[in-house]
Amino acid sequence: FKNFYIKCYQGGVWILSCVIGTVFKNFAIISGDMRLSKDSGETVSDTYSKVFKVNQNVLVGFTGSGNAVDVLNKKGIFDKDDCPSAEDYLEFLWLLLGNRVVNEPNHCNILVLGKSKLNYGFGGNFHMSDDDVQNQLHLTDHRNVWAPILTPPDVDYEYYQDLVSSNVQYIIAEQINSPVFSRGLAIKKIKEIHREIILEISKKDKSVNSNIEQHVIKWWISLIKLLN
């Protein structure tokens, strides 16, 4: 799978810096610190959400400019029961932001994870300046997992992307090779990996804090699908 990354833009007033996601065939996790900063480095808030559970099928996270998050949150865009899949929500956000519901330059990166239309895992990412949404993954193979990370620009992205990917892949492989696949144990371990990496980054970059918000969604698929 292609791991992609767009550095957080630091030209706006509000800056959101660190989000990690994981999506597997039948669950998704998203984690983020809760610091909101000015581009000057001044902290605005240490309890500002940048990751959201939209409904039982969709998770979303933002880095870069926080202005879009503020506008969308006030419009109730992070609480939508009428988006039945992560694919639908990604398309909805893409069209919404393309129609300038946030009517100013907002250099924001959006990560959407969750259940696909076919009841598998789905992940997608776009930047508000992109012409189209090219980064979309459908996780239909039981061995495949996607674990993207969005980091502050002064942090070694390649190192942390490799770190989160290798750790998450190891956890999934460990469960696949065990007599019984424990989704609950995999989720617990992956959440801890997310937390540890964000905490490590918070010690290196002041735009990230140690106050971590995490959301999980799970869905059931048939045993035949799970093993194929």
Side-chain angles (χ1 to χ4, degrees), residues 1-9 12 14 16 18-32 49-142 144-150 161 213-222 225:
F1 291 121
K2 177 183 178 184
N3 282 322
F4 51 84
Y5 164 69
I6 307 170
K7 284 187 176 181
C8 298
Y9 177 80
W14 292 354
L16 309 173
C18 191
V19 168
I20 306 176
T22 294
V23 60
F24 187 55
K25 199 171 183 178
N26 61 351
F27 68 83
I29 308 166
I30 199 162
S31 307
S49 294
K50 63 191 70 170
V51 295
F52 302 89
K53 181 178 180 179
V54 177
N55 56 42
Q56 295 299 318
N57 303 317
V58 182
L59 301 174
V60 65
F62 294 79
T63 63
S65 169
N67 300 338
V69 175
D70 192 52
V71 172
L72 295 174
N73 201 10
K74 289 177 180 177
K75 291 181 177 290
I77 304 303
F78 302 140
D79 183 19
K80 289 190 67 65
D81 290 331
D82 56 347
C83 276
S85 74
E87 292 165 274
D88 290 315
Y89 191 74
L90 183 73
E91 182 179 3
F92 167 73
L93 274 186
W94 170 255
L95 295 173
L96 187 69
L97 294 173
N99 287 328
R100 300 300 181 192
V101 66
V102 183
N103 191 24
E104 58 177 299
N106 283 281
H107 300 264
C108 193
N109 310 307
I110 297 94
L111 176 65
V112 177
L113 306 171
K115 187 175 75 171
S116 74
K117 294 177 181 178
L118 297 178
N119 210 39
Y120 289 107
F122 173 84
N125 171 280
F126 68 92
H127 186 270
M128 283 184 64
S129 64
D130 290 346
D131 292 330
D132 53 42
V133 184
Q134 296 179 350
N135 297 308
Q136 299 186 58
L137 301 174
H138 294 79
L139 305 179
T140 58
D141 188 297
H142 76 283
N144 291 334
V145 61
W146 186 49
I149 182 171
L150 301 174
Q161 181 61 81
E213 183 175 11
Q214 297 181 299
H215 297 290
V216 177
I217 55 174
K218 299 174 284 186
W219 57 93
W220 294 105
I221 60 177
S222 71
K225 280 187 176 182

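As the structure is a computational prediction, the values presented were derived from the model and not from experiment.
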Side-chain contact, heavy-atom cut-off 4.5 Å: [X] with [Y]?
{"X": "Val58", "Y": "Val112", "answer": "yes"}
{"X": "Val145", "Y": "Thr22", "answer": "yes"}
{"X": "Lys115", "Y": "Ile217", "answer": "no"}
{"X": "Ile77", "Y": "Phe92", "answer": "yes"}
{"X": "Pro148", "Y": "Asn125", "answer": "no"}
{"X": "Tyr89", "Y": "Leu93", "answer": "yes"}
{"X": "Val51", "Y": "Gln214", "answer": "no"}

For [X] and [Y], which heavy atoms make the closest approach, and how far apart are they?
{"X": "Leu113", "Y": "Ala28", "value": "CB-CB, 4.2 Å"}
{"X": "Ser116", "Y": "Phe122", "value": "CB-CB, 3.8 Å"}
{"X": "Lys50", "Y": "Cys18", "value": "CD-O, 3.6 Å"}

Whether Phe78 and Phe52 hold their rings parallel, tilted or perpendicular, with breakpoints at 30° and 60°: parallel
Kindly say whether [Y] contributes a backbone atom to a donor-acceptor pair with the side chain of [X] at under 3.5 angstrom?
{"X": "Glu87", "Y": "Lys117", "answer": "yes"}
{"X": "Asn57", "Y": "Ala86", "answer": "no"}
{"X": "Asn55", "Y": "Lys80", "answer": "yes"}

Any chance you could measure [X], atom [atom1], to [Y], atom [atom2], to the nearest 0.5 Å?
{"X": "Ile20", "Y": "Ile149", "atom1": "CD1", "atom2": "CD1", "result": "4.0 Å"}
{"X": "Asn109", "Y": "Phe126", "atom1": "CG", "atom2": "CZ", "result": "10.0 Å"}
{"X": "Gln161", "Y": "Leu150", "atom1": "CD", "atom2": "CG", "result": "8.5 Å"}

Criterion side-chain contact (heavy atoms from CB on, under 4.5 Å) on Ile110 and Val60, from CA distance to verdict: CA-CA 7 Å; Ile110 297 94; Val60 65; 3.9 Å; yes
